[in-house]
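For reference, the structure I am asking about is given below.
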Amino acid sequence: MDGVIDSECAAAFNGAVRAAVRHTPRVKLSFDTLEMIDAAGMHALVEAARHLPDRRIDVEGANETVRLCWELAGYAVADVPVVMAA
């Protein structure tokens with residue numbers, strides 16, 4: 001992922017992630033060059049992961065701000081099938 005995931009592109013992002021999780025039980029996303037993800041973008045990611053049962057999304061390379069926002073939003077919990085790695 002590159003740039004910003006915000007309310008303007010959250011629906012498209014959700015659709016792309018849903019398409020990816022349809023084909024495999026585990027998806028890896030690289031956030032190495034992601035600058036920012038807002039609440040709409042985080043919600044779109046979580047909803048895409050929850051769309052089908054037994055799916056998991058591993059996010060790699062998220063910057064400190066993105067990881068902190070993820071935690072503060074309450075998504076860094078076991079029942080959210082998205083793992084935000086350092």
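Predicted model, so just to flag it, every value in this text is computed and none were measured. Computation of the quantities below employed the complete heavy-atom set of this structure, encompassing side-chain atoms and omitting hydrogens, waters and symmetry-equivalent molecules.
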Enumerate, atom names and distances included, each donor-acceptor pair closer than 3.5 Å involving a side-chain atom of residues 11-22, sequence neighbours excluded.
residue: N14; atom: OD1; partner: R18; partner atom: NE; Å: 2.8
residue: N14; atom: ND2; partner: A44; partner atom: O; Å: 2.9
residue: R18; atom: NH1; partner: H51; partner atom: ND1; Å: 2.5

Give every donor-acceptor pair under 3.5 Å between a side-chain atom in residues 1-9 and any protein atom, sequence neighbours left out.
residue: D2; atom: OD1; partner: T33; partner atom: OG1; Å: 3.1
residue: D6; atom: OD1; partner: E8; partner atom: N; Å: 3.1

| Residue list, side chain to side chain donor-acceptor pair (under 3.5 Å) with R26, at least two apart or on another chain | D58

| request: Can you sort out the partners of D32 under side chain to side chain contact (heavy atoms under 4.5 Å, CB included), two or more places apart, ordered by chain and number? | output: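 Applying side chain to side chain contact (heavy atoms under 4.5 Å, CB included) to D32 gives S30.
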
| field | Stepwise side-chain contact (heavy atoms from CB on, under 4.5 Å) test for L45 and L29 | value | CA-CA 11 Å; L45 179 57; L29 295 178; 3.9 Å; yes

Considering only distance and modelled atom types, tabulate donor-acceptor pairs under 3.5 Å from the side chains of residues 64-86, sequence neighbours left out.
residue: R67; atom: NH1; partner: A62; partner atom: O; Å: 2.4

